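Quick note on labels: first sequence line is chain A, next is B, and so on, each numbered from 1. Everything numeric here is computed off the predicted structure, so don't read it as measured data.
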There are 2 protein chains.
Amino acid sequence: MDSKTKNRPLTPPPDGGRPTLKTIAFMTGLGITTVSRALKDAPDIGAETKERVRLVAKQIGYQPNRAGVRLRTGKTNVISLVLTLDEEIMGITSPMVVGITEVLAGTPYHLVVTPYSATKDALAPIRYILDTGAADGVIISRTEPHDPRVALLTERGLPFVTHGRTEMGVVHPYHDFDNERFAYEAVRELVERGRKRLVLLEPPPHLTFYSHMRAGFERGLRDFQADAVSFHHINIDHTLVEIRDAFETLMRSDDPPDGIVSGSGSGAIALIAGLEAANKTLGKDADMVSKVPSDFLRWLRPEVVTMYEDIRVAGRELAKAVIGHIDGQPSETLQSLSQPEFQSAVQVSIKR
Amino acid sequence: MDSKTKNRPLTPPPDGGRPTLKTIAFMTGLGITTVSRALKDAPDIGAETKERVRLVAKQIGYQPNRAGVRLRTGKTNVISLVLTLDEEIMGITSPMVVGITEVLAGTPYHLVVTPYSATKDALAPIRYILDTGAADGVIISRTEPHDPRVALLTERGLPFVTHGRTEMGVVHPYHDFDNERFAYEAVRELVERGRKRLVLLEPPPHLTFYSHMRAGFERGLRDFQADAVSFHHINIDHTLVEIRDAFETLMRSDDPPDGIVSGSGSGAIALIAGLEAANKTLGKDADMVSKVPSDFLRWLRPEVVTMYEDIRVAGRELAKAVIGHIDGQPSETLQSLSQPEFQSAVQVSIKR
DNA sequence: CAGCGCTACTGTATCGTTACAGATTTGTAT
DNA sequence: ATACAAATCTGTAACGATACAGTAGCGCTG
């Protein structure tokens, strides 16, 4: 107890602030380096020493200083969620953030939200993160078939995951909802209800899941023998008013659709409004199947058939995938596709 | 050009990575300290020197290393948004995050989302932030009259802002929606429609805006001479199913309410479901006024009178307030109350 | 022309951590 | 004994920025 108390932090106890390695070094009589290595379970530190260090660290509630680690190693312990400021009205951001943070809670990672305005370059936040080393991993959404963000991140070697897939021959982590399947099953459902003239409210053409959803829709039309009614000039990125007005016009036309597949929950609302503005009744003049991120429609318009896309789960998957990527797991193992499921007709218990 | 090129970063150009003060020092032939001070416009640096430094810094795209600044000064340039993982179904988080980031975009601040699960201590994330110095400012919601988080943050001197007010004699920044006024105007509206037996779906009693909303409701009852129907055991934090079932029971009772004030948009959905389950019709057997965070209800149930609470604006106000607090502005000047407004009856253009 | 004060600039130490290159001790083979 | 390896532990430097305590040069006063 005295033969060992020689050098070490010759300086007195660091002070009253939060504990650092120096504090532990002082308390254990060890060198700062030793303490550092002991806490990372390095092989050249004695078992008993590690034990002592860990005990003291725990007792005094030591938590490594993020700035110190970051400065020295470049590791930020930050995951960046890159978002458009102009998010959909039905706000998928909430459950997404919740899902992500649920996973991050058990890790040293913090979630930083990095926005970009749609009027600007979607690459801007990516460049910022790359240039400033602001994060260890990135989560991006609104993925395009040839996504420049994916190209840039891959080239620069920064781990990331996309919400949605790409078609650029690059193997990378992703999580996606099976929109092909969704549209296919939606068509099946409508045809089973005797509908034959179907319309699709689709995603904007530049996003990857546009072609997925269209493909599923068209495959369904073929397999179940129904016809498509064109609604091509309108997509889920249009305003609710635009969608409603366009759909009202369509429903007032000579040969209106009798089955509707809506690629978004908020779009569905506008479609319903348009349909009713044309003096038609949902469930009578037409049936509708919609993808939804919440329980809303099911409560207010039970006549709509809904397929639930669980964004919270998506957030969890995305978070797990980026971390996996950071940890060096092969990208192939970090890809997942969630299957659509029809929501149970009536009300199951809802959280909170 | 040579008489000055004496000492300075004797070491060669920092290297190919991102530029640091050293890079600029090398390029300008100045000392690192001088460059640092020049960039902060310190008074002891010559005007021309500052100009040169600024020019070079801009040219090479210098951005201060956050870890360096943080380690040395303790300034994190982080604002922490503290959230419950169990957010309401109608997700106010999305627009809130958008509003906050809109303001932070013009500042050096990053937004970090710090969650806590409702099952745990709401103080935990606050303690974490205080103990680790994780943020320069904090945004908290679900504010209580005697909020331990406010007490702790005040005591420790960490800038913060609350979404909602407190009643603890502490002057602090806040942004709030005028729920008193909302409930009062809601009662007025219902009475003007000939309704006399009113029910309130209120916030949970431990939150501050519970008493605000109740006070407005009761003042309205007095001023406009209507009666209250008790629905006390249920509040907006209950599940949709619980609310619906309870409300169905109430509507089937001997003397059901004919006017409904809903303190939340998602609650309104459950109330409508309950009312209809009791074979009543909204607009005929009863009218309803609801506070809403989106355009949903207005589109799907135009018979509901809605008052819009703009969460995005709230996010902006909150962000401005924390930053103001950090900058040392007096708390009194960082308090704001947003007034409820009835939404225009039909559809105005909706964003995206 | 010594001394003072001012302007403009600079070196050193430091924040907390880790990479790296030792240093010390002990045990073992020779 | 001597050398050598293995097992443990340690000091120094560095990441990038800033606080602080200078220093150098200049003009002016008396």
Side-chain angles (χ1 to χ4, degrees), chain A residues 3-11 13-15 17-26 28-53 57 60 62-77 108 132-134, chain B residues 3-11 13-15 17-26 28-53 57 60 62-77 108 132-134:
Chain A
S3 69
K4 287 193 150 203
T5 314
K6 280 192 290 195
N7 40 0
R8 269 16 67 92
L10 311 128
T11 45
D15 83 352
R18 64 184 278 215
T20 69
L21 291 179
K22 206 177 191 173
T23 316
I24 301 178
F26 184 82
T28 55
L30 295 164
I32 295 176
T33 302
T34 309
V35 174
S36 172
R37 311 220 68 219
L39 288 173
K40 352 187 88 56
D41 201 20
D44 64 348
I45 303 295
E48 194 215 304
T49 302
K50 284 180 188 170
E51 205 44 61
R52 264 178 52 226
V53 169
I60 64 177
Y62 168 75
Q63 298 206 247
N65 179 304
R66 309 191 119 229
V69 175
R70 180 165 173 175
L71 181 59
R72 182 65 239 246
T73 66
K75 171 116 193 175
T76 62
N77 284 307
T132 63
Chain B
S3 69
K4 287 192 150 205
T5 314
K6 281 191 289 194
N7 41 357
R8 269 17 67 96
L10 311 130
T11 46
D15 84 352
R18 62 184 280 215
T20 69
L21 290 179
K22 207 177 191 173
T23 316
I24 301 177
F26 184 82
T28 55
L30 295 164
I32 296 177
T33 303
T34 309
V35 174
S36 173
R37 312 222 62 212
L39 287 174
K40 358 185 83 56
D41 202 20
D44 63 349
I45 304 295
E48 194 215 304
T49 302
K50 284 180 188 171
E51 204 46 59
R52 263 179 53 226
V53 170
I60 64 177
Y62 169 74
Q63 298 206 246
N65 180 304
R66 309 191 120 227
V69 174
R70 181 164 172 175
L71 182 57
R72 182 66 239 248
T73 67
K75 172 115 193 174
T76 62
N77 285 307
T132 63

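- The nearest whole Å value for the distance from the NZ atom in B/K40 to the C1' atom in D/dG16 is 12 Å.
- A/D41 has its CG atom 13 Å from the P atom of D/dT8, to the nearest Å.
- In this structure, the OH atom of A/Y62 is 3 Å from the P atom of C/dT17, given to the nearest Å.
- For B/T34, whose side chain is taken as the heavy atoms from C-beta onward, the closest listed nucleotide among C/dG16, C/dC9, D/dT10 is C/dC9.
- With distances taken from any side-chain atom of B/V69 to the nucleotides D/dT18, C/dG16, C/dT18, the minimum falls on D/dT18.
- The CG atom of B/L71 sits 17 Å away from the P atom of C/dA13 (whole-angstrom rounding).
- Nucleic acid contact class of A/T73 (heavy atoms, under 4.0 Å, all strands): sugar-phosphate only.
- Straight-line distance from the CZ atom of A/R72 to the P atom of D/dG16: 10 Å, rounded to whole Å.
- Residue-to-nucleotide proximity on DNA chain D shows that, of A/T33 and B/P64, the 5′-proximal contact is made by A/T33.
- Judged purely by atom type and a 3.5 angstrom limit, A/R66 has no side-chain atom pairing as donor or acceptor with the backbone of B/T132.
- Rounded to an integer number of Å, the gap from CD1 of B/I32 to P of D/dA21 is 20 Å.
- We find the CG-OG1 distance between B/L39 and B/T34 to be 11.0 Å, quoted to the nearest 0.5 Å.
- Separating the CG atom in A/N65 from the CZ atom in B/R70 is a distance of 7.0 Å, to the nearest 0.5 Å.
- With D/dT10, C/dC9, C/dG16 as the choices, the nucleotide that has an atom nearest any side-chain atom of B/I45 turns out to be C/dC9.
- Distance alone, capped at 3.5 Å, is enough to place a donor-acceptor pair between the B/R52 side chain and the B/T28 backbone.
- Separating the NZ atom of B/K22 from the P atom of D/dA14 is a distance of 8 Å, rounded to the nearest angstrom.
- Between the P atom of D/dA5 and the CG atom of A/D44 lies a distance of 19 Å, rounded to the nearest Å.
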